[in-house]
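Quick notes on the structure that follows.
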Amino acid sequence: MPEGHTIHRLAADHLAVFGGRPVRASSPQGRFDAGARALDGRVLDGVDAHGKHLFLGFDTPGADWVHIHLGLYGKFGFGEGTAPAPVGAVRLRLAHDDAYADLRGPTACELITQEGKDALHARLGCDPLRDSDDGEKAWGRIRLSRTSVAALLMDQKVVAGVGNVYRAEVLFRNGIDPTRAGRDLDREEWEAIWADLVGLMKEGVRNNRIDTVRPEHTPEAMGRPPRVDDHGGEVYVYRRAGAACLVCGTEVRREELAARNLFWCPACQKN
DNA sequence: GAACAATGACCAA
DNA sequence: TGGTCCTTGTTCC
């Protein structure tokens with residue numbers, strides 16, 4: 001789940017559920033005990049998200065933000081009403097009388113100062129979901145790089161928030177071979193990719209899932225049986241290795257690149 | 001009950 | 001490039 005859209009959605013959800021009133025904070029698992037104690041009884045007064053980094057702002061002297069990075073399998077679980085006894089390894093639980101949220105398995109969950117937060121922003125690239133960002137800074141890196149577009153899109157210093165699903169899907173939708181070097185990309189191609197990411201990821205925040213298949217290519221529109229899909233959204237190539245491309249029927253390929261699965265259609269995506 | 005996979009990122013060499 | 005960390009759910013004996 002955790003690509004940029006998840007994080008921005010979590011920021012909004014936390015503010016909606018917990019904003020403006022004191023929360024009870026605890027670390028049932030124990031690994032965030034000191035932090036949870038500092039937050040307990042405080043008021044959530046601001047949230048922010050940049051790429052895959054989530055920031056929850058509390059009125060806590062000297063520890064302005066909780067910085068959370070979900071990593072590969074971190075997860076938040078929200079619930080209504082009084083929180084039940086925690087199940088499993090809950091790093092952080094936020095709660096009030098009407099709702100609770102449990103955080104499990106994050107790579108990072110720490111208290112940081114405003115300066116610490118600024119430093120994190122400084123090493124993150126443009127985020128398609130931040131209204132103040134555009135793709136220009138990323139283009140400056142990409143247009144000079146011999147690295148593959150596939151690797152550049154996953155580099156959080158270049159583009160923040162894109163993960164393995166959006167990478168595969170945006171390259172498919174724009175007909176770009178993943179192995180193409182950044183410097184062999186046209187400016188128009190990059191602008192189309194960026195605009196596509198903005199649209200797809202905003203929809204991802206709204207729906208809380210990744211859907212990338214255009215209406216004309218849905219299984220229904222193509223007269224194919226609806227596909228059973230195990231990651232929660234409708235996609236062209238992600239985790240579809242060996243299956244027929246939804247557009248041309250060619251077998252979708254999978255290869256490992258920098259220890260991550262890369263999926264693409266060798267016919268639709270041109271170098 | 002073990003083995004494995006997973007939408008991530010860090011570090012060392 | 002390889003090893004490590006974080007946790008849960010699924011799959012396979």
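Just so you know, these numbers come straight off a predicted model, no measurement behind them. Numbered from 1 within each chain, the chains take letters A, B, ... in sequence-line order.
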Open item on the list: For D48(A), is there an ion pair with R130(A) - N to carboxylate O distance below 4.0 angstrom?
Closed with: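 Judged by the 4.0 Å cut-off on N to carboxylate O distance, R130(A) and D48(A) do form a salt bridge.
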Taking atom [atom2] of [N] as reference, at what distance in whole Å does atom [atom1] of [X] sit?
X	N	atom1	atom2	value
R9(A)	dT7(B)	CZ	P	22 Å
R104(A)	dT8(C)	CZ	P	6 Å
I210(A)	dT7(B)	CD1	P	11 Å
L72(A)	dT7(C)	CG	C1'	10 Å
F32(A)	dC5(C)	CZ	P	21 Å
M154(A)	dT7(B)	CE	P	8 Å
K75(A)	dT10(C)	NZ	P	10 Å
N261(A)	dA5(B)	CG	C1'	10 Å

Open item on the list: Just so I know, are the side chains of V235(A) and D211(A) near enough to count as touching, which here means a heavy-atom distance under 4.5 Å?
Closed with: no
Whole-angstrom distance between [N] and [M], as gauged at atom [atom1]:
N	M	atom1	result
dC5(C)	dA13(B)	P	15 Å
dA5(B)	dC13(C)	P	13 Å
dT7(B)	dT1(C)	C1'	23 Å

Task: Check: N207(A)/H5(A) side-chain N/O donor and acceptor closer than 3.5 Å - done: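 Their side chains do not contain a donor-acceptor pair, so the 3.5 Å distance test is not met.
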TODO: Consider only side-chain N and O atoms of N174(A) and D196(A), and report whether a donor and an acceptor are under 3.5 Å apart.
DONE: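 On atom types as modelled, these side chains qualify, holding a pair under 3.5 Å.
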- [ ] Determine, for Y100(A) and R93(A), whether the Lys NZ or Arg CZ falls below 6.0 Å from the six-membered ring centre while staying within 45 degrees of the axis.
- [x] yes
Nucleotide N/O of nucleotides 2-4 of chain B paired with protein N/O under 3.5 Å:
none

If the cut-off is 4.0 Å, is [X] near the phosphate of [N], judged by side-chain N/O to OP1 or OP2?
X	N	answer
Y238(A)	dT7(B)	yes
K52(A)	dA9(B)	yes
R91(A)	dT7(C)	yes

Among the nucleotides [options], which one has an atom lying closest to any side-chain atom of [X]?
X	options	result
A89(A)	dT7(B), dA9(B), dT8(C)	dT8(C)
R31(A)	dT7(B), dT7(C), dC10(B)	dT7(C)
P2(A)	dC10(B), dT7(B), dT7(C)	dT7(B)

TODO: Please work out which of the three classes, parallel, tilted or perpendicular, describes the rings of H53(A) and F55(A), given edges at 30° and 60°.
DONE: parallel
Open item on the list: Using 30° and 60° as the class boundaries, would you call the ring planes of F76(A) and H14(A) parallel, tilted or perpendicular?
Closed with: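 F76(A) vs H14(A) ring planes: perpendicular.
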Task: Main-chain N/O of V237(A) paired with E169(A) side-chain donor or acceptor, under 3.5 Å - done: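 Yes, because the side chain of E169(A) sits within donor-acceptor range (under 3.5 Å) of the backbone of V237(A).
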Open item on the list: Mind checking if R167(A) touches a base, just sugar-phosphate, or nothing, with heavy atoms under 4.0 Å?
Closed with: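 No contact at all - R167(A) keeps every heavy atom at 4.0 Å or more from the nucleic acid.
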TODO: Give Q29(A) one of three labels, base, sugar-phosphate or nothing, depending on what nucleic acid heavy atoms sit under 4.0 Å from its own.
DONE: sugar-phosphate
